[in-house]
Enquirer: 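Before anything else, here's the structure in question.
Count residues from 1 along the sequence. Keep in mind that what you see is a predicted model, and the values were worked out from it rather than measured.
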Amino acid sequence: MSTDGTPARALTIEDLTIALPDGRRLFDRADLTIEQGQFVLLVGPSGSGKSTLLRLIAGLDDPERIALRVTGRIDVAGASGPSSPRVGLVFQNHALFDELTALGNVQFAVDHRPREAAADDRTAQKLLDELKIVPGAKPATLSGGERQRVAVARTMAMDPPVLLFDEPTTGLDPGRARSVADLINATHQGSDKTTIVVTHDFAPFLKYQPRLILLDVATGKLRDVDEAELHAQLVDYDASSEAAPVTPRDTALKAPPRWLAWLEAPGEVVLTLLQLVVTVFGGWRRPAWKLRYLWYYTRMIVVGTTAIYVAIAGIMLGFVLVSFSFAQLPYTEVTVPLLTEEFLAATGYSTFRVIIPLLIAVLVAGKCGASIAADVGTRRYAHQFDAMRNCGAEPSHYLYGNIGFALIVGVPILTAIAYLTNCYASLVAFLMTSNEGTVALFFRNYFATSWPEGQWLPDGSGWVTLKMATSGYVIAALSYAIGSRPKTSPVDVSRDVGLTIFWASLAVLMLHSLYSFVEF
């Protein structure tokens, strides 16, 4: 209750107009007031703009980014702007973080809960116990109903004043749909929160007698209806032969000219490059989670198969370069003794300064670029970016910042691993092809130019480190910029993985070419 005795408002929508770029309107000066503690069913036919409204309420969509013209006011719990109490959104596809357990998903929301949100002091473990979820289970091992309960627990852990459910029963059989409706009602009854369910499948919820609000496609208004009118309106709409309403997804049919897209794409990559400088240092308000994601991407980029991959590449290059070169020298009986010292010195120098750095940069661009684009693209397609933002975390701080850091530091380390294995493979190849070769002879001549005796590091170590760190920087920017683009299907994810491999490999080739003019 407010101070004057009237019911407190949880959500107020005033004079809301949402127009598409062609002028057609999803909402036309719509008004709506929802009081605290109400259970509301916001119903409309598929494609009528319900999810668009839900995302605007949750603060997840930038109208300019999705090419919508939005006027009017959306006021949540009596506040507006960045300091508003957050709205908790349970996504249609649950949007759970695949790398975390059920407990980790809920703990993420608990740890990012605003300090002022102290009304719900339940721990992540207690929330999962209440919903009968195994804490250590990964989302991939859970059933659809269990994932739904984890998503509800994560949203409840934020302790938001308003709970939103986006099409929670879509694609479910009648029995599963009733179970989900029971869970949502139980969640509502067990809290003092306002619950808004956005759906076109309203039948499973009617037994709880929620407040029914219809998104009237004909007028673009939001209005209260009873059950009979709701049935009549939706039946009439389904039976109508008029054109279906246009949703923001339909605007994809009006894509910008191809030349304009090509002009905009480099600008996005440049902005992503600049953004990395900031995001590496962001997210440290929750250091445990920052470090957790840093380790996640360090393992993906540096540790494990990638280290083995570049080590094998170094070994193969060493064997091929030394053994093949000696084998192809004419008059080997005469030339090998004469040219051994010069050949080994030249091979050692060029391998350290040019060949190994270029090879590893291209290999990392392909392998790690693809891995990152797939990881980020899947998160984007599964709405995990939105889930992070809804929990109060900026995705770029945990994802892009740590990807960039891992690559900037990791690519020079991977180069060092490849160089070391290359040196020992070159030694073995030399001993196998030279009858008079010795270990001492090899090391004395192989490092004669690149690593003179008495120096701690090889000549040009600074240049090699700089260009490999820059390569990591560019690979991170391209893979994240491409991977984080909007996705509407798994095909989009696969396509962007291929694009990342192409552009990242091409970019590091160009980068090393430019460095060669400056370095030498």
Enquirer: Just so I know, are the side chains of Leu53 and Lys50 near enough to count as touching, which here means a heavy-atom distance under 4.5 Å?
Expert: no

Enquirer: Drop me the distance from Ile74's CD1 to Ile13's CD1, to the nearest 0.5 angstrom.
Expert: 5.5 Å

Enquirer: Are the side chain of Asp166 and the backbone of Leu89 linked by a donor-acceptor contact shorter than 3.5 Å?
Expert: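 No, because the side chain of Asp166 does not come within donor-acceptor range (under 3.5 Å) of the backbone of Leu89.
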
Enquirer: Quick one: pull up CG in Asp375 and SG in Cys368 and give me the separation to the nearest 0.5 Å.
Expert: 12.0 Å

Enquirer: Below 4.5 Å, heavy atoms only, C-beta onward: do Val162 and Lys193 meet side chain to side chain?
Expert: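 SC-SC contact between Val162 and Lys193 ruled out.
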
Enquirer: For Asp75 and Arg9, run salt bridge (Lys or Arg N to Asp or Glu O under 4.0 Å): C-alpha distance rounded to whole Å, both residues' side-chain angles, the deciding distance at 0.1 Å, then the answer.
Expert: CA-CA 9 Å; Asp75 184 7; Arg9 295 180 176 183; over 6 Å; no

Enquirer: What pair of heavy atoms forms the shortest contact from Leu128 to Pro135, and how long is it?
Expert: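 Heavy-atom minimum between the residues: CD1-CA, 4.0 Å.
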
Enquirer: Do Val411 and Tyr473 touch side chain to side chain, with heavy atoms closer than 4.5 Å?
Expert: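 No. Closest side-chain heavy atoms not under 4.5 Å.
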
Enquirer: Does any part of the side chain of Thr17, heavy atoms only, come nearer than 4.5 Å to the side chain of Phe27, both counted from C-beta?
Expert: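 Not touching, per the 4.5 Å side-chain cut-off.
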
Enquirer: Using the benzene-type ring in the case of Trp, are the ring centres of His397 and Phe281 under 6.0 Å apart?
Expert: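 Ring centres of Phe281 and His397 not closer than 6.0 Å.
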
Enquirer: Can you confirm whether the side chains of Tyr381 and Asn93 place a donor and an acceptor under 3.5 Å from each other?
Expert: no

Enquirer: So, the side chain of Arg113 versus the backbone of Ala157: is there a donor-acceptor pair under 3.5 Å, distance only?
Expert: yes

Enquirer: Could you grab the distance from atom OG1 of Thr195 to atom CZ of Phe205, nearest 0.5 Å is fine?
Expert: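 Nearest 0.5 Å value for the OG1-CZ distance: 10.5 Å.
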
Enquirer: Counting distance only, does the side-chain N/O of Lys138 pair as donor-acceptor with the main-chain N or O of Leu100 below 3.5 Å?
Expert: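 No: the side chain of Lys138 does not pair with the backbone of Leu100.
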
Enquirer: Over all heavy atoms of both residues, which pair between Val198 and Ser51 is shortest? Give the atoms and the distance, please.
Expert: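 Scanning both residues, the minimum pair turns out to be CG1-N, 4.4 Å.
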
Enquirer: Answer yes or no: is there a side-chain heavy-atom contact under 4.5 Å between Gln38 and His188?
Expert: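 Sidechains of His188 and Gln38: no contact.
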
Enquirer: Working to the nearest 0.5 Å, report the span between CE of Met156 and OG1 of Thr187.
Expert: 6.0 Å

Enquirer: Give the minimum heavy-atom separation between Thr194 and Gly37, together with the two atoms involved.
Expert: OG1-N, 3.0 Å

Enquirer: Got a second to check how far Thr141's OG1 is from Arg147's CZ, nearest 0.5 Å?
Expert: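 The distance works out to 9.0 Å.
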
Enquirer: Heavy atoms only: give me the nearest Ile301-Ala406 pair and the separation to one decimal.
Expert: CD1-CB, 3.7 Å

Enquirer: With heavy-atom distances below 4.5 Å as the criterion, would you say the side chains of Val152 and Phe165 are in contact?
Expert: yes

Enquirer: State whether the side chain of His112 and the backbone N or O of Phe108 hold a donor-acceptor pair below 3.5 Å, judged by distance alone.
Expert: yes

Enquirer: Go through the steps for Leu163 and Val90 under the test side-chain contact (heavy atoms from CB on, under 4.5 Å), then give the verdict.
Expert: CA-CA 8 Å; Leu163 291 175; Val90 180; 5.6 Å; no

Enquirer: Go through the steps for Leu42 and Leu222 under the test side-chain contact (heavy atoms from CB on, under 4.5 Å), then give the verdict.
Expert: CA-CA 9 Å; Leu42 199 161; Leu222 294 165; 4.3 Å; yes

Enquirer: Identify whether the distance between the nearest side-chain nitrogen and carboxylate oxygen of Lys126 and Asp129 falls below 4.0 Å.
Expert: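 Not counted as a salt bridge, because no side-chain N and carboxylate O are separated by less than 4.0 Å.
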
Enquirer: Would Arg154 count as a cation-pi partner of Phe97, with NZ or CZ less than 6.0 Å from the six-membered ring centre and within 45° of the ring normal?
Expert: yes

Enquirer: How long is the straight-line distance from CZ of Arg380 back to OG1 of Thr488, given to the nearest 0.5 Å?
Expert: 11.0 Å

Enquirer: Under the 3.5 angstrom rule, does the side chain of Ser143 hit a backbone N or O of Glu146 as a donor-acceptor pair?
Expert: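 A pair under 3.5 Å: yes.
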
Enquirer: Decide whether Thr378 and Lys487 meet the rule of one side-chain donor and one side-chain acceptor closer than 3.5 Å.
Expert: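 Judged by distance alone, the side chains do not pair up.
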
Enquirer: Over 60° means perpendicular and under 30° means parallel, so tell me whether Tyr293 and Tyr398 are parallel, tilted or perpendicular.
Expert: parallel

Enquirer: Any side-chain heavy atom of Leu54 within less than 4.5 Å of one from Leu60?
Expert: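 SC-SC contact between Leu54 and Leu60 ruled out.
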
Enquirer: Decide side-chain contact (heavy atoms from CB on, under 4.5 Å) for Phe39 and Ile196; before the verdict, give the C-alpha distance in whole Å, the side-chain angles of both, and the deciding distance to 0.1 Å.
Expert: CA-CA 6 Å; Phe39 186 15; Ile196 303 173; over 6 Å; no

Enquirer: Examine distances only and state if a side-chain atom of Asp31 and a backbone atom of Asp15 form a donor-acceptor pair shorter than 3.5 Å.
Expert: yes

Enquirer: Among residues two or more places apart or on two chains, list those pairs meeting side-chain hydrogen bond (donor to acceptor under 3.5 Å, both in side chains) that have a residue in residues 384-393.
Expert: Arg55-Asp386, Asp98-Gln384, Arg379-Gln384

Enquirer: Heavy atoms only: give me the nearest Leu478-Ala507 pair and the separation to one decimal.
Expert: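 Residues Leu478 and Ala507, closest heavy atoms: CD1-CB, 3.6 Å.
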
Enquirer: Between Gly220 and Ala30, what is the shortest heavy-atom contact and its length?
Expert: O-CB, 3.7 Å

Enquirer: Should Arg149 and Glu130 count as an ion pair when the cut-off is N to O under 4.0 Å?
Expert: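 Answer for the salt bridge query: no.
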
Enquirer: Gln125 pairs by side-chain contact (heavy atoms from CB on, under 4.5 Å) with which of Leu103, Val110, Val106?
Expert: Leu103

Enquirer: Before giving the answer on side-chain contact (heavy atoms from CB on, under 4.5 Å), spell out for His94 and Leu142 the whole-Å C-alpha distance, their side-chain angles and the decisive distance to 0.1 Å.
Expert: CA-CA 12 Å; His94 313 133; Leu142 300 174; over 6 Å; no

Enquirer: Could you tell me whether a side-chain N or O of Ser479 sits under 3.5 Å from a main-chain N or O of Ala373, the two making a donor and an acceptor?
Expert: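 A pair under 3.5 Å: no.
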
Enquirer: Check the orientation of Phe91 and His383. Use parallel for under 30°, tilted for 30 to 60°, and perpendicular for over 60°.
Expert: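 Parallel, since the angle between the ring planes stays under 30°.
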
Enquirer: Any side-chain heavy atom of Leu206 within less than 4.5 Å of one from His231?
Expert: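 Yes. Closest side-chain heavy atoms under 4.5 Å.
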
Enquirer: For the side chain of Lys221 and the backbone of Arg29, is there at least one donor-acceptor N/O pair under 3.5 Å apart?
Expert: yes

